[in-house]
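Every chain is numbered from 1 and lettered A, B, ... according to where its sequence line falls, protein lines coming before strand lines. Predicted model only: the values in this text are computed from it and were never measured.
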Amino acid sequence: MTGQKMDFYERVGIVCRRIPYGKVATYGQIAMLCGKPNNSRQVGYALNRSLSGEVPAHRVVNHKGYLSGASAFFDSGMQRRMLESEGVQVGEENRVELKVFGWRHTLEDALEFRRLFGDE
DNA sequence: ATACTGACTAATC
DNA sequence: TGATTAGCCAGTA
């Protein structure tokens, strides 16, 4: 039980799929839900690697709400358009108001992930 | 095994 | 007040 030493990157994919439609999460938030609060950088790296289409990577922004350059997307405006198509308003500086569109996960969510990942 | 990378963040200056 | 620096750590070569 819980001994699943799954890749951190795989965890990232699982957590990201839980980001609700029309909401965004931060790298740090994802990292925290994966049980590694300081792995925010790895989150971005993981998403870049996991861009299989099954992971809503466009819903992840940095802690200030800025779209992270979108270098992994085909063009810089793609992430923005994807978000807008979900109803997420993106500011002129490619910025999202986290107060409004940030995913506010519950403690239950965190506990569920913790259980799922085995909380190392 | 060691070195380098990187879609970040928090702490300093 | 904003800009810079250093820390972070799993994955890859």
Show the distances under 3.5 angstrom between N or O atoms of the protein and N or O atoms of nucleotides 1-4 of chain B.
none

Taking N or O atoms only and anything under 3.5 Å, show me the protein contacts with nucleotides 10-13 of chain B, one pair per line.
{"from": "dA10(B)", "atom 1": "OP2", "to": "H63(A)", "atom 2": "ND1", "distance (Å)": "3.4"}

Inset, instruction - Check for a donor-acceptor pair, side chain of E86(A) on one end and backbone N or O of R59(A) on the other, with a separation under 3.5 Å. - result: no
>> Would the distance check show the side chain of R80(A) and the main-chain N or O of G91(A) forming a donor-acceptor pair, the cut-off being under 3.5 Å?
In response: yes
With sequence neighbours left out, the residues meeting side-chain contact (heavy atoms from CB on, under 4.5 Å) with Y45(A) are Y9(A), Q42(A)
Residues passing the side-chain contact (heavy atoms from CB on, under 4.5 Å) test with T106(A), sequence neighbours excluded, are E108(A), D109(A)
Spacing between [X] atom [atom1] and [N] atom [atom2], to the nearest angstrom:
{"X": "L83(A)", "N": "dA7(B)", "atom1": "CG", "atom2": "C1'", "answer": "13 Å"}
{"X": "E10(A)", "N": "dA10(C)", "atom1": "CD", "atom2": "P", "answer": "16 Å"}
{"X": "Y45(A)", "N": "dC8(B)", "atom1": "OH", "atom2": "C1'", "answer": "14 Å"}
{"X": "Y9(A)", "N": "dA7(B)", "atom1": "OH", "atom2": "P", "answer": "10 Å"}
{"X": "Y66(A)", "N": "dT9(B)", "atom1": "OH", "atom2": "P", "answer": "13 Å"}
{"X": "F8(A)", "N": "dC8(B)", "atom1": "CZ", "atom2": "P", "answer": "13 Å"}

Filtered N/O pairs between nucleotides 1-7 of chain C and protein, under 3.5 Å:
{"from": "dG7(C)", "atom 1": "O6", "to": "R41(A)", "atom 2": "NH1", "distance (Å)": "3.2"}

Any side-chain heavy atom of [X] sitting closer than 4.5 Å to one from [Y]?
{"X": "I19(A)", "Y": "I30(A)", "result": "yes"}
{"X": "E93(A)", "Y": "K64(A)", "result": "no"}
{"X": "N39(A)", "Y": "V12(A)", "result": "no"}
{"X": "F101(A)", "Y": "L83(A)", "result": "no"}

Which of dG11(C), dT9(B), dA10(C) is nearest the side chain of D7(A)? It is dG11(C)
Residues of residues 27-34 of chain A with a heavy atom under 4.0 Å from any atom of DNA chain B, listed by number, are Y27(A), G28(A)
Of Q29(A), R11(A), R114(A), the one forming a side-chain contact (heavy atoms from CB on, under 4.5 Å) with C34(A) is R11(A)
E10(A) meets the salt bridge (charged side-chain N to carboxylate O under 4.0 Å, His left out) criterion, sequence neighbours left out, with none
side-chain hydrogen bond (donor to acceptor under 3.5 Å, both in side chains) filter on Q89(A), not counting sequence neighbours, yields none
May I ask you to evaluate whether K36(A) reaches the phosphate of dC9(C), defined as a side-chain N or O under 4.0 Å from OP1 or OP2?
no
Residue pairs passing the side chain to side chain donor-acceptor pair (under 3.5 Å) test with at least one member in residues 15-26 of chain A, sequence neighbours excluded, are R18(A)-E112(A)
Under a side-chain separation threshold of 4.5 Å, the hydrophobic residues clustered together with L107(A) are L111(A)
